[in-house]
Amino acid sequence: MYDKNNSGGFSRQVFLPADTDAILKQQGYATDNYNLKINKLIRFQRDPKGFKHTGGSFSFPVKDARRMAEQVTDAAKQICTHVESFTVASRGRVALGLGTESVAETSMTLHHIYGFPYAPGQALKGITRSYMINGLYHGKEDEALKDKEFCLLFGCPATGALKKEYRGSICFYDAYPIDDIEIGLDIMTPHYSEYYNKNVPPADYMNPVPVSFLVANKMTLSVTVGTTRKDAQYRGEPVTKAAARYLKEALAQMGIGAKTAVGYGRLK
């Protein structure tokens, strides 16, 4: 355990094995890997409420992420017969992985080796699929699964239009940042937590509970989609072009990550 502040008040500490603690003390607990900083070296206040984000802002170059983004595109071109790549930039703050498991109350989706935030491919696929169902099939998934071309694009169960289980022809790759990222703390303040948790009527005597969470203040992502099917079409255009177009629209109109209803996560 490392106690950085013995001067009174709340004690800011890091719990670590003794040998790890000894090595990091020599480095002054400095790290340029945000995943380690948040998930392994997080400081907490000795407070009944437990762990909190106390690190403030963090800014770092993303040369590793840019190199990985290039490798993803190159790999997709070797594996797939058709590939579409494009970049999107955030209009404002982006909250990725807010509800994932963490030692703190909130979290962020970070690369487990390099530590930078990124958008997982499965999230991009889910956003695109949801956007198309809402816009083209009146929000009815059952109607979408009756469309053979939709099933070829995203896959379907045996009850779908293809009459067999199918995994889909499009691969959505993880989207990595290609510009420097600014990470900071934001805050949300539920005013009626007892109403939400205990189903009691909301009232002014309930105490607001500030909750801090991590956001990317600025983010530019490289996005890649590909397919191994040469002849796959969706409404008259190749599936890669259709998927890329609908994904761009979904990121601009629906956003990615948490709190999109209040403007977070919109990309252009």
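The first residue of the sequence shown is numbered 1, and numbering continues consecutively from there. Below, all heavy atoms of this structure are taken into account, side chains as well, without hydrogens, waters or symmetry copies.
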According to side chain to side chain donor-acceptor pair (under 3.5 Å), does anything in residues 258-268 pair up with another residue at least two apart or in another chain? List the pairs.
Asp186-Tyr264
For the side chain of Ser90 and the backbone of Met219, is there at least one donor-acceptor N/O pair under 3.5 Å apart?
yes
Please report the closest heavy-atom contact between Arg229 and Tyr166, naming both atoms and the distance.
CD-OH, 3.3 Å
Got Pro238 and Thr227 here, is their nearest side-chain heavy-atom distance under 4.5 Å?
no
Nearest non-hydrogen partners of Glu194 and Val200, listed with the distance:
O-CG2, 3.5 Å
Within-4.5 Å side-chain heavy-atom neighbours: Leu152 and Val239:
no
Backbone N or O of Cys80 within a donor-acceptor pair of the His82 side chain at under 3.5 Å?
no
So ring-ring contact (aromatic ring centres under 6.0 Å, His included) across residues 123-155, not counting sequence neighbours, yields Tyr137-Phe150, Phe150-Phe154
For the residue pair Tyr234 and Tyr246, does the interplanar ring angle fall in the parallel (under 30°), tilted (30 to 60°) or perpendicular (over 60°) class?
perpendicular
Close side-chain approach of Val215 to Val94, heavy-atom, < 4.5 Å
no
Residues in salt bridge (Lys or Arg N to Asp or Glu O under 4.0 Å) contact with Glu149, at least two apart in sequence or another chain:
none
Would you say the side-chain atoms of Ser193 pair up with the backbone N or O of Pro190, donor to acceptor, closer than 3.5 Å?
no
Below 4.5 Å, heavy atoms only, C-beta onward: do His111 and Asp174 meet side chain to side chain?
no
Heavy-atom pair of closest approach, residues Cys151 and Ala161:
SG-N, 3.8 Å
Beyond-backbone contact of Val83 with Thr240, side-chain heavy atoms, under 4.5 angstrom:
no
Looking at CE of Met132 and CD of Glu141, how far apart are the two atoms once the value is rounded to the nearest 0.5 Å?
13.0 Å
